[in-house]
A.B. asks: 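Please read through the structure below; I'll follow up with questions.
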There are 2 protein chains.
Amino acid sequence: MLRFPHAAPAAVKGTMARAAEDVRRKPVTLSDVAAAAGVSQATASRCLNGSERKVNPELREKVLAAAARLNYTANLSAQTVARGTSTTVALLVSDIADAYFSSMAASVMSAAEAKGLRVTIAVTERNVEREIELVRELRGQHARAVILAGSGYVDSRFAEPLVRELTMFEEMGGRVVLISRTDLPFETVDLDNLGGARRLASALVRLGYESFRLLGGEEQLVATRDRIEGFRLGLADAGIHLDADRVIYSDFSWEGGFTAVQAMDDKVLADTRLIFAVNDEMALGAIAGLRGRGLRIPEDIAVAGFDDIRSLRDVVPGLTTVRVPLVEVGREAIARVIGSPSGERSRVVVATVALRDSTPRLN
Amino acid sequence: MLRFPHAAPAAVKGTMARAAEDVRRKPVTLSDVAAAAGVSQATASRCLNGSERKVNPELREKVLAAAARLNYTANLSAQTVARGTSTTVALLVSDIADAYFSSMAASVMSAAEAKGLRVTIAVTERNVEREIELVRELRGQHARAVILAGSGYVDSRFAEPLVRELTMFEEMGGRVVLISRTDLPFETVDLDNLGGARRLASALVRLGYESFRLLGGEEQLVATRDRIEGFRLGLADAGIHLDADRVIYSDFSWEGGFTAVQAMDDKVLADTRLIFAVNDEMALGAIAGLRGRGLRIPEDIAVAGFDDIRSLRDVVPGLTTVRVPLVEVGREAIARVIGSPSGERSRVVVATVALRDSTPRLN
DNA sequence: GGAATCACGGAAAGCCTATTCCAACTGCTC
DNA sequence: GAGCAGTTGGAATAGGCTTTCCGTGATTCC
């Protein structure tokens, strides 16, 4: 609130002095505590950080008191080095500002919290090389596990080095859990992208829709592929064939949906009764784009998405989508980090169709 | 996708075996690399991890080659222990699923990335004790800095132990940066909550509004207090007095806004032309609640929020709000982590009023 | 050409903790 | 009362890395 461009008024001097002296008081260590309590460092360690060995209650008290008095906190890094293993699990997401990923992060964190694990989030920016680099770093950090959410490219050119890196991570003793991609040889919490999209398509056909247009993220993305393929299957179940040119690939984001719709031909739009975007963000972007062109939702064009992100509750008309139970996903992912390797490579979390006003029953 | 309840088919055996053997191949260490390159561990260290000292290019090559061949990655924990300082900054937010905080996290992370810092996010759940506990842990982790966003209680009963803990953190050599709260004696990136709300109030009065109702988060929250106080001042500037009973305190969330509105008397609502909620989430919750009661926005009641979270772009009518430039906030926070203590305790980031359709000009 | 300086590799100390191993001590049995 | 297992405290080591300090060989300068 106050600003002091150049000369600092007296009032601030206190702060500056504190910063300037910069004593960097050496943090109190375990042996400080031990000394203060008059015991060996080994005993102090056994008292303060969960050890099997019992210590005399009397000594234990002394140690605890000394620790409290000195405000001791264990040095986590040192513990990690000494133990050779940490309690941190890393969550890799494409973009933490994305509603889908931030909700997932919240659910993973709360599940981890309950199990005494700490979570660190890293952002891949949908960049496989960065992803690989991050896993590499995590190996250096002795992370307990890495949970890989998002991205996931079909292209095996990218997959191979990633698999190599993840395998090294596992060999180091870490666990690998994937979310929503079954393309790599690791444990997976699968969101049933394919089944969800398929059921959505069936439901929409039942509502009377016949003329579809699909909006995908990048074509190489596993999520894109599965959801589009699922939708295609759902239509096929009803005897509707989807021409390849009815699928438009763009960016897996709001902007992607928006620009894709902007770029559509008037003729193309006229021949489209419903747009299915492979995630809600794209669907919302598409809606904005459509409205920008003067079209009404759902009267002129119906729209459906995927994920059921939280912000949908504020959107009018309500967006039809496929609900992904992220809380369950987070819990399941952490369960796999904790539990012993199950051999059960993939656990499907059921995705359920949520029909809303953006896709009303026709006629 | 596949599930193998009990008996595992042959296909999975490979996976199980890999997990079962559990060699936990000891990770390659710096001395492994040194040995492989035929140099001392000291030299290897100097080559691989940014050191001042030069080493013979020829040796350097050998070391780099050996490291690459062995797939060496530095053990971050060990480095932290040895160096006595880490490159991690911690970001403490109330709730990572909240659009405001997840956007802020994204901006802090990208700013940190540019400076070679790594960010770890922790969630306080708006719980001061938890906040204190986290800072304590961070001290144990030798975090380079802690950035405290959100919460912030007026009550000094809570503030005092937090200040103590933060001070210890600083004494250890860490930096403390607060976001959007000027109540504690540390460097702050201030969002100008007060000024923003004040300008919003002025703008709304100019649009013809006279009868207001305010929706606050918990009363003890600094953000609540500042924004309400600012709004009150803005009204006072125009000669409008705001009775205390026109401020309703609830929870700082969508649900808080929703339930607050649900609980309002019909008479109260009839006597309200505009509701200002202290953040967008609450405003959106309020809109949902109002609509649930059959009221139209903005014809019956106008609504305004604060923050300009990203998902507002999908809300109709557009919500009037105060835009907080989070990218700048993130950059500024990281700048304060990096830079030497400036003495300049607080840096105000300007919050600008964004008038939209939820508060049209009256008559 | 000799002395002073510099550049650079390596040995070793140090960071903080966990854990192994040993020694002392307890309480028992027979 | 000797021998025994069972406890429990402490010294010492391990863990992976950085950094100080030495010493050697090369360079520079007059």
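Please read all numbers here as calculations on a predicted model, not as lab measurements. Order of the sequence lines sets the chain letters (A, B, ...), proteins ahead of strands, with each chain counted from 1.
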A.B. asks: State, to 0.1 Å, how close A/Arg331 and A/Ala111 come at their nearest heavy-atom pair, and which atoms those are.
C.D. replies: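 Reported closest heavy-atom pair: CA-CB, 3.8 Å.
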
A.B. asks: Under the salt bridge (Lys or Arg N to Asp or Glu O under 4.0 Å) test, which residues partner A/Arg336, sequence neighbours left out?
C.D. replies: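 Residues passing salt bridge (Lys or Arg N to Asp or Glu O under 4.0 Å) with A/Arg336: A/Glu187, A/Glu332, A/Glu344.
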
A.B. asks: Ignoring hydrogens and geometry, is there a side-chain-to-backbone donor-acceptor pair from A/Ser107 to A/Leu326 under 3.5 Å?
C.D. replies: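 Such a contact is found between A/Ser107 side chain and A/Leu326 backbone.
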
A.B. asks: Could you pull out every donor-acceptor pair under 3.5 Å between side chains of residues 58-73 of chain B and any protein atom, sequence neighbours left out?
C.D. replies:
residue, atom, partner, partner atom, Å
B/Asn71, OD1, A/Arg136, NH1, 3.3
B/Thr73, OG1, A/Arg139, NH1, 3.3
B/Thr73, OG1, A/Arg139, NH2, 3.1

A.B. asks: Please check if any side-chain donor atom of B/Ser40 sits under 3.5 Å from a side-chain acceptor atom of B/Thr43, or the reverse.
C.D. replies: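 Result is yes, a qualifying pair exists.
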
A.B. asks: Based on the rotation axes of five pairs at each end, what angle does the helix from C/dG1-D/dC30 to C/dC30-D/dG1 bend through, to 10°?
C.D. replies: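 Axis angle across the helix from C/dG1-D/dC30 to C/dC30-D/dG1, nearest 10°: 40°.
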
A.B. asks: Keeping A/Thr124 on the side-chain end and A/Val93 on the backbone end, is there a donor-acceptor pair under 3.5 Å?
C.D. replies: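 Indeed, once roles are kept as given, a pair shorter than 3.5 Å links the two residues.
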
A.B. asks: Do the charged groups of A/Arg118 and A/Glu113 touch, with an N to O distance under 4.0 Å?
C.D. replies: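 A salt bridge is absent here (no side-chain N lies under 4.0 Å from a carboxylate O).
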
A.B. asks: Keeping B/Ser102 on the side-chain end and A/Ser102 on the backbone end, is there a donor-acceptor pair under 3.5 Å?
C.D. replies: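 Pair absent, no side-chain N/O of B/Ser102 close to backbone of A/Ser102.
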
A.B. asks: Output all residues satisfying side-chain contact (heavy atoms from CB on, under 4.5 Å) with A/Thr188, sequence neighbours left out; order by chain, then residue number.
C.D. replies: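 side-chain contact (heavy atoms from CB on, under 4.5 Å) check on A/Thr188 returns A/Leu178, A/Thr182, A/Asp190, A/Ser346.
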
A.B. asks: I'd like to know if the side chain of A/Thr120 and the backbone of B/Thr120 have a donor-acceptor N/O pair within less than 3.5 Å.
C.D. replies: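 Absent.
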
A.B. asks: How would nucleotides 8-16 of chain C be written as a contact map, 5' to 3', with B for base contact, S for sugar-phosphate-only contact and - for no contact, using protein heavy atoms under 4.0 Å?
C.D. replies: BBBB--BBB

A.B. asks: Tell me, please, the opening and closing nucleotides of DNA chain D, 5' to 3', among those with an atom under 4.0 angstrom from a non-hydrogen atom of chain B.
C.D. replies: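 Contacts span D/dG16 to D/dC21, reading 5' to 3'.
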
